[in-house]
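Down below is the structure, laid out as structure tokens.
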Amino acid sequence: MPGPLRDSYNRPIRDLRVSLTDRCNFRCFYCLPHGEPPMAEKEQVLSYEEIEYVCDIFTELGIEKIRLTGGEPMMRRDIEQIIFKLAQLKDKGLKDLALTTNGYFLPHRAHSLKEAGLDRITISLDSLKRDVFKQMTGVDVLDRVMEGIAAAKEAGLDPIKINAVIVRGHNEDEVADFAAFAREHDVKMRFIEFMPLDSGHDWNREDVVSGREIRQRIEERFPLEPLDVARGSETSSRYRFVDGAPGEIGIIAPVTEPFCGACSRIRLTSDGQIRTCLFSTLEHSLRDVIRDGASRAETIDFIESVVMKKEPRHYINDPGFVTLSRSMSFIGG
Ligand code: SAM
Ligand code: SF4
């Protein structure tokens with residue numbers, strides 16, 4: 001019986017992020033400011049059958065969490081179909097099936113996602129102000145995303161997580177307002193440090209608002225206390241409000257407080273490349289392996305050998321760090 005997957009540093013690999021597409025209808029300046037690069041040819045993109053097949057193998061290898069992402073995953077046609085198929089893997093050991101989305105398509109689709117078997121949803125929301133939202137995402141659709149959040153809640157996709165990338169000079173003054181939003185709507189806010197994963201290569205260390213500063217800004221209004229849970233491989237440090245208000249705060253600080261030592265993640269791009277780290281400079285074509293007719297056992301050998309190459313850590317803070325040619329939208333955030 002194969003699995004659980006382990007890398008060469010003995011880290012168990014339990015968490016798979018699957019990008020369904022590198023297309024996106026938003027133009028977030030920290031991700032895809034100038035739109036998509038030339039698209040992968042359609043035939044290079046993994047079909048739903050292929051995604052289902054490899055996810056079945058990954059589950060056999062001990063993957064417990066699958067998160068669908070992109071690009072904007074809801075731009076992939078009939079996403080409910082693949083959710084339905086992947087939800088069946090719960091009989092084989094999958095514990096959690098989640099989706100990260102910009103929320104644009106949720107007002108009409110949140111129910112069908114839930115019905116298809118989605119467990120949890122994370123919705124990106126970078127500002128509560130219409131003009132800042134538009135400036136950060138390139139689209140003037142704050143109201144629609146708010147409707148999407150309400151629809152997800154109504155559909156029972158609880159607990160809802162909200163991702164906000166905090167960037168100096170854009171939205172750091174809204175951090176405490178977001179905490180107020182979490183309390184009011186009983187959602188889990190996730191504040192993310194700006195990482196050098198933007199296709200425009202405009203990332204600047206000075207633009208990073210540190211996790212520490214984010215926490216301070218919240219505590220000026222709402223005192224926090226750490227949640228009494230083991231962090232394990234979680235990316236965020238989690239807090240609750242001291243006054244017992246609903247909602248939760250999570251701070252994801254990969255730049256100023258790297259958590260690589262406990263990383264349990266690998267990624268699969270929409271064109272079927274395994275990436276062992278967000279900042280990998282190498283990709284490994286699982287697509288070619290399965291399309292060249294490898295047996296299931298050979299495919300397992302391939303995945304295990306790729307996982308052994310997982311990097312010990314990222315190198316954002318090293319002198320000579322080179323930004324990647326591929327943005328977060330391609331890699332799958
Ligand atoms: N389109 C979906 C969305 O925006 O939620 C899913 C894909 S997106 C790449 C996943 C997450 O990555 C989003 O929450 C986004 O804010 C985050 N992200 C993108 N570029 C980033 C960057 N340069 N630094 C930090 N987070 C980033
Ligand atoms: Fe699109 Fe998500 Fe990237 Fe924004 S963060 S451009 S919504 S993929």
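One-based numbering, in listed order, for ligands and for the atoms of each.
Nearest protein heavy-atom contact of atom 17 (C) of ligand 1 is M328 CE, 4.0 Å. At the top of the distance list for atom 10 (C) of ligand 1, counting protein heavy atoms only, stands G333 CA, 3.8 Å. The protein atom (non-hydrogen) at minimum distance from atom 4 (Fe) of ligand 2 is C28 SG, 2.3 Å. If you check which protein heavy atom lies closest to atom 1 (Fe) of ligand 2, you get C24 SG, 2.2 Å. For atom 21 (C) of ligand 1, the nearest non-hydrogen atom of the protein is Y30 CD1, 3.5 Å. Closest protein heavy atom to atom 26 (N) of ligand 1: V165 CG2, 3.5 Å.
Residue L32 approaches ligand 2 through these ligand atoms, each under 4.0 Å from one of its heavy atoms: 6 (S). In the vicinity of E72, heavy-atom distances shorter than 4.0 Å reach the ligand 1 atoms 1 (N), 2 (C). Less than 4.0 angstrom separates some heavy atom of N102 from each of these atoms of ligand 2: 7 (S). Atoms of ligand 1 found under 4.0 Å from any heavy atom of M195, numbered from 1 in the order shown, are 22 (C), 23 (N), 24 (N), 25 (C). Here is the list of ligand 2 atoms found below 4.0 Å of a heavy atom in G71: 8 (S). The N163 neighbourhood of ligand 1 comprises atoms 14 (O), with distances under 4.0 Å to a heavy atom of that residue. Less than 4.0 angstrom separates some heavy atom of G70 from each of these atoms of ligand 1: 7 (C), 9 (C). Close approach of ligand 1 to N102 is summarised as follows: ligand atoms under 4.0 Å from at least one heavy atom of the residue are 2 (C), 3 (C), 5 (O). When each atom of ligand 1 is checked for a heavy atom of G71 under 4.0 Å away, the hits are 1 (N), 2 (C), 6 (C), 7 (C). Of all the atoms in ligand 1, the ones that sit under 4.0 Å from a non-hydrogen atom of E193 are 24 (N), 25 (C). Near T69, with a cut-off below 4.0 Å to any heavy atom, the atoms of ligand 1 are 6 (C), 7 (C).
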> Should I218 and F191 be marked as a side chain to side chain contact (heavy atoms under 4.5 Å, CB included) after you check the CA-CA gap, both sets of side-chain angles, and the distance that decides it?
Replying inline: CA-CA 11 Å; I218 299 171; F191 296 97; 3.6 Å; yes

> For Y30 and D126, what are the C-alpha separation, side-chain angles and deciding distance, and is it a side-chain hydrogen bond (donor to acceptor under 3.5 Å, both in side chains)?
Replying inline: CA-CA 11 Å; Y30 52 75; D126 294 322; 2.5 Å; yes

>> Checking N25 against N102 for the side-chain hydrogen bond (donor to acceptor under 3.5 Å, both in side chains) test, could you report, in this order, the C-alpha distance in whole Å, the side-chain angles of both residues, the deciding distance, and whether it holds?
In response: CA-CA 9 Å; N25 55 336; N102 61 31; 3.0 Å; yes

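Remark: aromatic rings of H170 and F29 are close, center separation under 6.0 Å.
Only the side chain of C31 comes within 4.0 Å of ligand 2, counting heavy atoms alone; its backbone N, CA, C and O stay farther away. The residue T122 has no part lying near ligand 1, judged by heavy-atom distances below 4.0 Å. Contact annotation for T100 and ligand 1: heavy atoms of both the backbone and the side chain come within less than 4.0 Å of the ligand.
Residue contacts with ligand 1 leave out R190, since none of its heavy atoms falls under 4.0 Å from the ligand. Distances from ligand 1 to the non-hydrogen atoms of A164 include no value under 4.0 Å. Under the 4.0 angstrom criterion for non-hydrogen atoms, C24 is not in contact with ligand 1. Look at S124 and you'll find every heavy atom at least 4.0 Å from all atoms of ligand 2.
For atom 13 (C) of ligand 1, the candidate residues are C31, S124, S199, P254; the nearest heavy-atom contact is made by S124.
When side chains are defined from C-beta on, W203 counts as touching I316, because their heavy atoms get closer than 4.5 Å. The shortest side-chain heavy-atom distance between R76 and V45 falls under the 4.5 Å cut-off. The closest side-chain heavy-atom distance from D198 to C31 is not below 4.5 Å.
Nearest heavy-atom pair across F194 and V208 is O-CG2, 3.5 Å. Summarising the geometry of S264 relative to P12, their closest heavy-atom pair is CB-O, 3.3 Å, with the distance given to 0.1 Å.
Classification of the F181-F178 ring pair by plane angle, with boundaries at 30° and 60°, yields perpendicular.
Between D177 and R221, at least one side-chain N (NZ, or NE/NH1/NH2) sits under 4.0 Å from a carboxylate O, which counts as a salt bridge.
Under the 4.5 Å side-chain heavy-atom criterion for Ile, Leu, Val, Met, Phe, Trp and Tyr, L68 and F84 are members of distinct hydrophobic clusters.
Annotation for R291: atom CZ counts as buried by contact number, over 12 foreign heavy atoms lying within 6.0 Å.
Between the CZ atom of R17 and the CG atom of L278 there is a distance of 8.0 Å, given to the nearest 0.5 Å. Atoms CG and CZ, from D96 and R14 in turn, are 13.5 Å apart once rounded to the nearest 0.5 Å.
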